[in-house]
Amino acid sequence: MVVSGKGQAEANSEKLEIVRHSAAHVMAEAVQSIFPQAKFGIGPAIENGFYYDFDLPRSLTPDDLPLIEAKMNEIIASNVPFVRQEVTREEARQLFAAQPYKLELINEIADEKVSLYQQGSFIDLCRGPHVSSAGEIKAFKLVSIAGAYWRGDEYHPMLQRIYGVAFDTKEALAEYLEKLEEAAKRDHRKLGRDLDLFSIHEEAGPGLVHWHPKGAVIRYIIEGFWKDEHIKRGYDIVYTPHIAKLDLWKTSGHWEFYRDYLYSPMEVEEQEYIIKPMNCLGHILIYKTRLHSYRELPLRYAELGTVYRYERSGVLHGLSRVRGFTQDDAHIFCRFDQLEDEVVGVLDLARFMIDTFGFTNYQVLLSTRPEKYAGTIQVWEEATETLGRALTRIGLDYQIDPGEGVFYGPKIDIKFEDAQGRAWQGPTIQVDFNLPKRFNVTYIGEDNQEHLVVMIHRTVLGSMERFLASLTEHYGGAFPVWLAPLQVKIIPVADRHLYYARKLEAELKSEGMRAEVDTRSETVNHKIRQAQLDKIPYMLVVGDKEVASSTVSVRLRSGEQLASQPCDNFKEIVKSAIVNKVKELSL
RNA sequence: GCCAGCGUAGCUCAGGGGUAGAGCAGCGGUUUCGUAAACCGCAGGUCGUGGGUUCAAAUCCCUCCGCUGGCUCCA
């Protein structure tokens, strides 16, 4: 039996964190030497590196970074020791008399003693630990400057933050920077343009997505799959209008709570209407067109519903954060005693979707009661426990996100990571105690009395836009065959093979495959290169040999090449890849 | 929204007070080719917008719009 405490890897990562934290202090010393008037915020280690926040007499520009780096290198070369000492809070206050942010921090420390770390001329309030001397920082680079509000509060002053990355060795640093460059190639905004999937136009407005034919094919396939799967799982597909009277949104509370996210009302025949920011109200109206017995619950209304929300200009991001998007939405109306089974059902569906589309990098979060909430604590606790039980039943590992629930109920979020490691919320399951009450959404129970339903808002993809972003980055644009906008590119060797190539194209198309002939009078090499850049799964090169023997020569986008084979054989291979939704090309 | 940076041809980018450039893509020819870029030619831009400084602005200054990276936010 192994009795040792920490594993080697864990110890290494702790050491690296200390190095990164110390690098932040060294950077602060460098900044202090350049700007003696600098006021210091905080400077922690973060994933891959560190940052430090400064209040400086002028704005930093990227040109400042090499100067600060040079200074840091001097400090590191001098190998100054990091010295820890403890002083009383009062002594610390005197020491940091000219440092308002530090004073604020000192005042919040409960202990009578506070610890300080000093290297060279720079002394900082800090819990530590640190390296013993600056020379232990082996490889770092300053990467960017950003504004950051003091203590993350937008009503506090904005400080200047410098981000750096730091690693054990120069090689590890170079490897990391290389990885960043590779990640940029997977960025859905770049691939979206290169692969002709979508565009966003200044003329039309930021955050408004135009789906090109190739992006639209992917969406169309996903939507068809999504609808079929929902019908199989007991959902009913509905459609609701894109605008509705403002009064409806006043009743729901959205006008009061989410006004900042709503587009201004438009007047129609002296009535005010708004464009919908959510689909739920339409579904509620459908539900309420008649009385419902407890026997017919749960009812599940699903809609690929397009919504519009005003997002602040600084937060828009490709397809991941937009102002108009289509949610793969559904609302489940059920009894409280059905909640757990329903959540299990949704989680099972969400996981089925995640697996089918091949995602592996995601995290599951259970968000609990926030400070401002509707309903009673008891109901909240019951519902939160129910969500937790559902997660356990389905066997999903999850973390608690305390206080991050929506005011109307707890929720489960599934977040996908993008190419640069940023997390974006995809599937979400939210329990709602608020709307059923506000709209009096009820069923008639066994006791012949009216009871409020429990509503679940849920998506299993998130939105079509964000989902395409995630999908594109996950596959680096090389979509699985069933999703690939174009599945087969037919490449005739010379013009005399065009007839045969077109016949093949027609044959494949008639069986539902997406095939196209490259009819240009270009070299075979050129056409193959183009097909490779377009990341088309299969390329069929046809020349004299193939025409003579009625075969095709298959090249995969992996570069793998296969012997000539009968066309029927190839068709079966592609069909099976489509039907089985295979993630990797294999033959 | 806030801080910083950026905006030159469809794309990637050069030029930085004195007549707007390249490669790729596009178009027209020639070439008919066997698994990642044939050759020749042509065309393509109010240098994001509006204003200012100047004899002269893509270039310097300001406004706005958009994008990028952060921050805040994200029902």
Side-chain angles (χ1 to χ4, degrees), chain A residues 51 53 56 58-65 143-163 184 187 189-190 193-194 196 199-207 249 252-254 257-262 277-280 307 309-318 320-322 327 367 370 404-409 411 413 420 422 424-425 428 430 432 434-435 457 466 489 491-498 520-534 539-546 553-557 559-562 564:
Chain A
Y51 70 77
D53 288 341
L56 301 173
R58 69 162 170 86
S59 286
L60 292 168
T61 74
D63 295 338
D64 291 314
L65 293 185
V143 289
S144 64
I145 304 163
Y149 299 108
W150 168 239
R151 318 209 90 180
D153 182 333
E154 70 177 311
Y155 297 102
H156 282 159
M158 183 166 265
L159 308 179
Q160 301 191 68
R161 175 173 299 177
I162 302 177
Y163 282 96
D187 192 310
R189 292 166 299 182
K190 174 181 162 49
R193 188 174 50 239
D194 292 351
D196 201 11
S199 55
I200 294 170
H201 302 263
E202 191 172 343
E203 306 92 300
W249 302 96
S252 69
H254 291 104
F257 288 105
Y258 300 115
R259 199 170 181 158
D260 290 348
Y261 296 92
L262 305 181
M278 323 181 102
N279 302 303
C280 40
V307 299
R309 301 176 187 177
Y310 167 73
E311 299 284 356
R312 292 158 115 193
S313 57
V315 306
L316 300 173
H317 183 93
S320 302
R321 189 83 183 267
V322 292
Q327 292 182 304
S367 301
E404 286 305 305
V406 199
F407 80 91
Y408 53 68
K411 61 171 181 169
D413 289 329
Q420 347 279 333
R422 292 175 287 220
W424 297 93
Q425 185 188 304
T428 180
Q430 309 179 345
D432 188 341
N434 177 55
L435 286 180
H457 307 249
R466 188 175 282 177
K489 188 73 147 188
I491 299 173
V493 172
D495 287 353
R496 64 178 178 279
H497 310 120
L498 268 175
R520 298 172 304 164
S521 71
E522 288 288 352
T523 60
V524 171
N525 274 338
H526 188 93
K527 291 183 214 177
I528 284 177
R529 175 178 157 79
Q530 194 56 57
Q532 285 290 153
L533 292 174
D534 291 342
M539 286 157 247
L540 300 183
V541 178
V542 295
D544 291 335
K545 278 182 283 180
E546 285 74 20
S553 161
V554 186
R555 178 193 164 104
L556 309 182
R557 69 181 160 206
E560 195 183 341
Q561 235 168 272
L562 299 126
S564 293

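A, B, ... follow the sequence lines: proteins, then strands. Residue 1 opens every chain. Values below: all heavy atoms of this structure, side chains included; hydrogens, waters and symmetry mates excluded. Since we're looking at a predicted model, the values are computed, not measured.
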Is there a side-chain contact between A:Ile491 and A:Arg555, using heavy atoms and a 4.5 Å cut-off? no
Taking the side chain as C-beta and beyond, is there a heavy-atom pair between A:Lys411 and A:His457 under 4.5 Å?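 Heavy-atom side-chain distance check fails, nothing below 4.5 Å.
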For [N] versus [M], give the span between their [atom1] atoms, rounded off to a whole number of Å.
N     : M     : atom1 : value
B:A37 : B:U63 : P     : 50 Å
B:C47 : B:A14 : C1'   : 13 Å
B:A38 : B:A43 : P     : 24 Å
B:A20 : B:U59 : C1'   : 12 Å
B:C73 : B:C11 : C1'   : 34 Å
B:A4  : B:C61 : P     : 15 Å
B:G21 : B:C55 : C1'   : 26 Å
B:A25 : B:U12 : P     : 15 Å

Set of residues satisfying salt bridge (charged side-chain N to carboxylate O under 4.0 Å, His left out) with respect to A:Asp534, sequence neighbours excluded: none
Partners of A:Arg259 by salt bridge (charged side-chain N to carboxylate O under 4.0 Å, His left out), sequence neighbours excluded? none
In the strands shown, is [N] matched to any nucleotide by a Watson-Crick or G-U wobble pair with both distances under 3.5 Å, and which?
N     : value
B:C33 : none
B:U49 : none
B:U63 : none
B:C71 : B:G1
B:G28 : B:C40
B:G23 : B:C11

Assign [X] to base, sugar-phosphate, or nothing according to its heavy-atom contacts below 4.0 angstrom with the strands shown.
X        : value
A:Ala494 : base
A:Lys411 : sugar-phosphate
A:Val524 : sugar-phosphate
A:Gln530 : nothing

Quick one: does [X]'s side chain have a donor or acceptor within less than 3.5 Å of a partner on [Y]'s backbone?
X        : Y        : value
A:His156 : A:Trp150 : yes
A:Arg466 : A:Ser320 : yes
A:Lys527 : A:Arg520 : yes

Positional range of nucleotides in RNA chain B within the contact set of chain A, heavy-atom, under 4.0 Å: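 The contact span of chain A on RNA chain B goes from B:G1 to B:A75.
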